[in-house]
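Protein chains get the first letters and strands the later ones, always in sequence-line order, with residue 1 at the start of each. Values below: all heavy atoms of this structure, side chains included; hydrogens, waters and symmetry mates excluded. Everything numeric here is computed off the predicted structure, so don't read it as measured data.
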Amino acid sequence: MDFHAIEKKWQKKWEENKVFEVKENQKKKKIYVLEMFPYPSGSGLHMGHAFNYTIGDIYARFKRMQGFNVLYPMGYDSFGLPAENAAIKAGIHPKKYTNTSINNFIKQQKSLGLSYDWSRMISTCTPEYYKWNQFFFLKFMEKGLVYRKKASVNWCPKCKTVLANEQVHNGKCWRHKSTEVEQKELEQWFIKTTEYAEELLKDLDKIDWPERIKIMQRNWIGRSEGVILNFDVVNEEGDKIDNISTFTTRADTVYGITYLVLAVEHPKVMEWVKGTKYEKEVKEFIKKVKKKSIIERTAEGKEKNGVFLGKYFINPFTGDKCPLWVADYVLYEYGTGAVMAVPTHDERDFQFAKKYNLPMKVVITPKNKKLKVEEMKNAYVENGVMINSGKFNGLSNVVAKNKIIELAEKKGWGKKTIVYKLKDWLISRQRYWGTPIPIIKCPKCDAVPVPYKDLPVILPHNVKFGEGNPLLTNKKFVETTCPKCGGKAKRETDTMDTFFDSSWYYLRYADNKNDKEPFNKKKVKYWLPVDQYIGGAEHACMHLIYARFFTKVLRDLGFLDFDEPFKKLFNQGMLHGDDGAVMSKSRGNVVLPETISKKYGIDTARFFLISLASPDKDLRWSDEGIEGSYRFIKKIINYFKKVKIGKSNKKTESKLNKTIKLVTEYIEGFKYNLASIQLREFFESLGEEESKSTLEKFLKLLHPFCPHITEELWEKLGNESFISLHSWPEYDESKIDEKAEASEEFVEKVRKDIHSVKNLIKLEKIEEIKIIIAPKWKYDFFNKVKKILEKTRSPKEVIKELMKTNLRNHGKEISKIVPIIIKDNSKIPKTVLNQKTELNALIENKKLIEKEFNAKIIIEKAEESKENKARQANPNKPSIILR
RNA sequence: GUGGGGGUGCCGGAGCGGUCAAACGGGCAGGACUUAAGAUCCUGUGGCUUAGUGCCUUCGCGAGUUCGAAUCUCGUCCCCCACACCA
């Protein structure tokens, strides 16, 4: 069979007939299935992508057949650094590079047989798309969510651009794993994501996402409840000169404060030491610290360094005068950028105090032990009883904490506060291949937003690549006039982080050709939110937070009326190469869909991918393993060539209904691997003659996995329209006949038994096979056991009851039957058929068995007198005698 | 360090209290077909066996709960992923 021809044929037909294009239809229930859109890299897509899209495609096809109006689009996250790097390296313009890549991707994706509505395609690097990035930026600005700030930022010397915190991995650039990130001070555009921190955290409870992703987001947002405490700052003589505030979650330890540390970036540090004898040392210290990247100097476990500032503060709770320090372990970004130090009850403070010989004071002790400062090797961070804490002595620290906060608030020393780890989103990039930030910098009017009517600010084509930001090399772009005063002005040359583009793309699919507004509200109302989102876990803290943030802002701006963009999320596992390592070009273990498709056909590849393992687990590609799927596909095709269309028997009916039920459940739960097994099992049970309806239902069940060959076979069966558009089969519970299936299994077992006996005896020729099935009493015995079991449900009780009867000797059998009954009491357990059923089953299949073994079959009932021998026999394991 | 996910037969992996010597695939071995190879089909694939599937031993390691554990609890070792001094 020419797989290639079949694939092309159906892909063409689907496209020509617009089979997967959808429109809003109020009468039909919608489902929006979406995979995270790819960055169209020049190296094209590999099996890992194919796996991701296949997962979505199966679900989309399944839902479509179930009668839903399925929106299943595709697009490209086409702005970004690699295109620009290609420009620098190979001299190709990013636009050309990107367009080539996109076309390549489309071609590849189409050849995978994915059922996208291609008419809704988007590409973020087109003015038609990024115009709305600029539009939203201005809207955000109007809402006060945008600000400019000079900030120390992560600078990658290789990318020559600023990186977001999320793009720095272990002090290195996320793209250049060996390049140290440096620090640089620049004016940057920020978006106030922190304003939505609380809602982003709270609404995690609303969505059906994998728990681990939610946990990652919770940690990323990092909410802490605590108190901000204010302290008076004094000089050597004790005169008040200033004040300082710190954030703490451990208000219970305030009586143990012995010093206070500021981050090196804290403006008060230089203010206080200016003109004093400490100035030089502090300056040098800060200089030294700032040379290192934030990540490097704040890595956990690093030795802590600091310098005394020559100033003191007063602890309002004790009246003590304690020293102020500056140190490298304090994060300026978090809390107030200054921390109160309680060395006895905080590990970091403990280490610092030990190093610089700062005083320590125990204020919490374990219940029945006394802590001595001199003996302490670590800070005591557990709960305990308050000591050395004035009127709070003797209380549990948990209780005392609240009382202390109350006291602080009453006296005006502090305020209850919630702080978050989440930082504002730095969106400025000093790069070319991105959305120009729609701002004009006027010497008189400062930063002026580009008026809406002038959007989009088009990214100029002619620029020079090399050092720094290419946009600066296009004078025509840079030089402009101020929209406010009309004077000479310059355009902002920063572009937006591409996460801005990907934060709302899923909305644009609902209305991708609109040039009047980002999207039509009605259309979005029909299609959104995304019902099923599919993608990797690596986006947990970046894209998935930004997209949620965007949705909430757009809701508050009146564009949307829902809170969360993605109702359900499915995280697929990573596809590894044959060597067990992550698929990557550099490792040389990349498998390309084209290669596999050429050899086996894409349906085989799809089927193999999903039968390998559960799709949410990491899986390992195997060149040998695919043979199994290939055989299966070939078997199906051959079977359909030979099968006689007629009537299906009861057994097939039963199996079919069971298969429909299970496959439906499995697809719904993304257990595609189990669905594939069920399909194989059912296929194996098909006979030489089956009804057309049975065969059609089988093809329908297989269709989401193997869309091309099922279309082909569907047509061969004499159907005209697409199987893709036919309805998903329904199952009839009443047709599931466990008994019929059990007797079939029984015959199967007998066959196997004959084989194993035959192998053991190794007779040249067998003339006669005598099958002796257990005596009637044996079956009665089992049924009796069953009856007793039905009286009492508790397994313990059941067994006790049984031990009282003369069945004591059959412990083994009992332990086999009990669980069956307990698991499902409505059905007759498979293993307890009666003698008559088994006899009939054997007689029915007698000829087949005779043919198989080329011997005469004699079936006998064991005589009651042979009780002793038969007693050991399991009723469904008959004795076999060969001659 | 913290959080999450794992360790199952020759291999990839199901199973997640009882129908478990463990689905399904791969590999390997034997057989059928063929002049032969390939393809295809059948059978076997922990050990012992009186052949009855009977017994024994297995699901990282050690203990426990239970009539019963690959599955639950605790401890322990190893692997992967994410976060990284968050006061």
Side-chain angles (χ1 to χ4, degrees), chain A residues 169-170 210-213 215-216 218-220 222-224 226 246-250 253 261 295 297-302 304 327-331 333-336 338-342 346-349 351-352 419-422 537-538 540-541 573-574 578 580 608 611-614 616-629 631-632 634-635 638 671 673-674 676-681 751-753 755-761 795-800 802-803 811-812 814-824 829-832 852 869-874 877 879-880:
Chain A
H169 296 323
N170 297 324
E211 205 46 44
R212 63 193 187 111
I213 302 292
I215 289 168
M216 281 161 90
R218 276 189 199 110
N219 292 342
W220 192 262
R223 180 185 199 269
S224 298
T246 67
F247 173 74
T248 182
T249 55
R250 290 295 305 273
T253 63
V261 211
I295 306 285
R297 68 177 215 248
T298 59
E300 192 177 326
K302 270 264 156 77
K304 295 155 183 50
D328 57 1
Y329 75 94
V330 179
L331 301 170
E333 306 279 327
Y334 184 76
T336 62
V339 292
M340 52 172 243
V342 186
D346 182 281
E347 193 52 42
R348 295 151 301 180
D349 298 346
Q351 284 171 24
F352 192 77
V419 304
Y420 302 90
K421 281 199 238 177
L422 186 78
E538 66 272 19
C541 297
M574 280 251 268
D578 216 355
F608 176 58
S611 58
L612 251 178
S614 179
D616 59 344
K617 297 228 168 108
D618 286 358
L619 49 128
R620 196 164 160 172
W621 177 268
S622 144
D623 287 331
E624 283 166 342
I626 194 168
E627 294 284 346
S629 300
R631 274 175 214 148
F632 180 57
K634 278 196 291 188
K635 260 196 234 175
N638 290 333
K671 293 185 170 172
N673 56 327
L674 300 180
S676 81
I677 290 165
Q678 196 56 43
L679 285 169
R680 290 182 105 113
E681 224 171 77
R751 278 188 53 249
K752 284 204 171 180
D753 283 347
H755 267 293
S756 55
V757 175
K758 196 182 139 198
N759 280 349
L760 280 165
I761 317 177
K796 210 171 182 173
E797 289 297 304
V798 171
I799 285 158
K800 250 190 207 164
L802 283 166
M803 288 311 173
K812 196 94 195 170
I814 290 167
S815 65
K816 271 187 184 165
I817 304 300
V818 169
I820 299 165
I821 309 290
I822 284 164
K823 227 176 184 179
D824 192 352
K830 291 191 235 181
T831 41
V832 192
E852 185 177 354
K869 194 162 167 50
R871 178 182 281 275
Q872 288 170 15
N874 192 318
K877 281 281 180 185
S879 314
I880 289 154

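Atoms CG (A:Asn638) and P (B:rC41) sit 9 Å apart, rounded to a whole Å. As rounded to whole Å, 15 Å separates atom C1' of B:rA87 from atom CD of A:Glu333. For A:Glu538 and B:rA82, the CD to P distance is 9 Å, given to the nearest whole Å. Between the CZ atom of A:Arg212 and the C1' atom of B:rU2 there is a distance of 17 Å, rounded to whole Å. Atom CZ in A:Phe632 sits about 12 Å away from atom P in B:rG26, given to the nearest Å. In this structure, CD1 of A:Ile213 is placed 18 Å from P of B:rG3, rounded to the nearest angstrom. Rounding to whole angstrom units, CH2 of residue A:Trp621 and P of B:rC11 are separated by 22 Å. B:rG5 atom C1' lies 14 Å from atom CE of A:Met574, rounded to whole Å.
For B:rC11 and B:rG75, the P atoms lie 30 Å apart once the distance is rounded to whole Å. Distance noted for atom P between B:rA32 and B:rA37: 12 Å (whole Å). The separation of B:rG44 from B:rG7, taken at their P atoms, amounts to 28 Å, rounded to a whole angstrom. Nucleotides B:rC67 and B:rG62 are separated by 23 Å at their P atoms, to the nearest Å. Comparing the P positions of B:rC16 and B:rA51 gives an interatomic distance of 37 Å, to the nearest angstrom. Taking atom P on both B:rG12 and B:rC33, the two are 36 Å apart, rounded to the nearest angstrom. Nucleotides B:rG18 and B:rA82 have their C1' atoms positioned 38 Å apart, rounded to a whole Å. Rounded to the nearest Å, the gap between the P atom of B:rG5 and that of B:rC72 is 12 Å.
With hydrogens and angles ignored, the 3.5 Å screen pairs no side-chain donor or acceptor of A:Asn673 with any backbone N or O of A:Leu612.
In this structure, B:rG68 forms no base pair with any nucleotide, since neither Watson-Crick nor G-U wobble geometry is met with both distances under 3.5 Å. Across all strands shown, the partner of B:rC83 is B:rG1, judged by Watson-Crick or G-U wobble contacts whose two distances both fall under 3.5 Å. For B:rC74, the paired nucleotide is B:rG62, the pair qualifying as Watson-Crick or G-U wobble because both relevant distances are below 3.5 Å. In a base pair of the Watson-Crick type (N1 to N3 plus N6-O4 or O6-N4) or a G-U wobble (N1-O2 and O6-N3), with each distance short of 3.5 Å, B:rU45 is matched with B:rG27.
For A:Cys541 against A:Met216, the heavy-atom pair with the smallest separation is SG-O, 3.8 Å. The two atoms that bring A:Leu619 and A:Ala613 nearest to each other are CB-CB, 4.3 Å, heavy atoms only. Looking at every heavy atom in both residues, A:Lys421 comes nearest to A:Trp220 through CB-O, 3.6 Å.
Nearest nucleotide to the A:Lys304 side chain, out of B:rA87, B:rA82, B:rC85: B:rC85. When distances run from any side-chain atom of A:Glu624 to the nucleotides B:rA87, B:rC85, B:rG26, the shortest one goes to B:rG26.
Residue A:Arg218 places no side-chain N or O under 4.0 Å from the OP1 or OP2 atom of B:rC86. OP1 or OP2 of B:rA87 sits under 4.0 Å from a side-chain N or O of A:Tyr334. For the OP1/OP2 pair of B:rA39 and a distance below 4.0 Å, the side-chain nitrogens and oxygens of A:Arg631 include no atom meeting the criterion. In terms of phosphate contacts, A:Lys634 brings no side-chain nitrogen or oxygen within less than 4.0 Å of OP1 or OP2 of B:rA39. An OP1 or OP2 oxygen of B:rA87 is reached within less than 4.0 angstrom by a side-chain nitrogen or oxygen of A:Ser224.
A salt bridge is absent between A:Lys634 and A:Glu627: the closest approach of a Lys/Arg side-chain nitrogen to an acidic carboxylate oxygen does not fall below 4.0 angstrom.
Between A:Asn219 and A:Gly625, it is A:Asn219 whose nearest contact on RNA chain B lies nearer the 5' terminus. Each of A:Gly222 and A:Ser676 was assigned the nucleotide of RNA chain B with the nearest heavy atom; the assignment lying further toward the 5' end belongs to A:Ser676.
The shortest distance between side-chain heavy atoms of A:Ser224 and A:Phe247 falls below 4.5 Å.
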Just the table, please: protein N/O against nucleotides 12-14 of chain B N/O, every pair under 3.5 Å.
residue : atom : partner  : partner atom : Å
B:rA14  : OP1  : A:Ser614 : N            : 3.4

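Relative ring orientation between A:Phe352 and A:Tyr329 is described as tilted, the plane-to-plane angle lying within the 30° to 60° band.
Nucleic acid contact for A:Arg348: base, since at least one base atom lies under 4.0 Å from a heavy atom of the residue.
Residue A:Tyr334 forms a side chain to side chain contact (heavy atoms under 4.5 Å, CB included) with just one option from A:Val330, A:Thr336, A:Leu331, and that option is A:Leu331.
With rounding to the nearest 0.5 angstrom, the CD1 atom of A:Ile677 is 12.0 Å from the NZ atom of A:Lys671.
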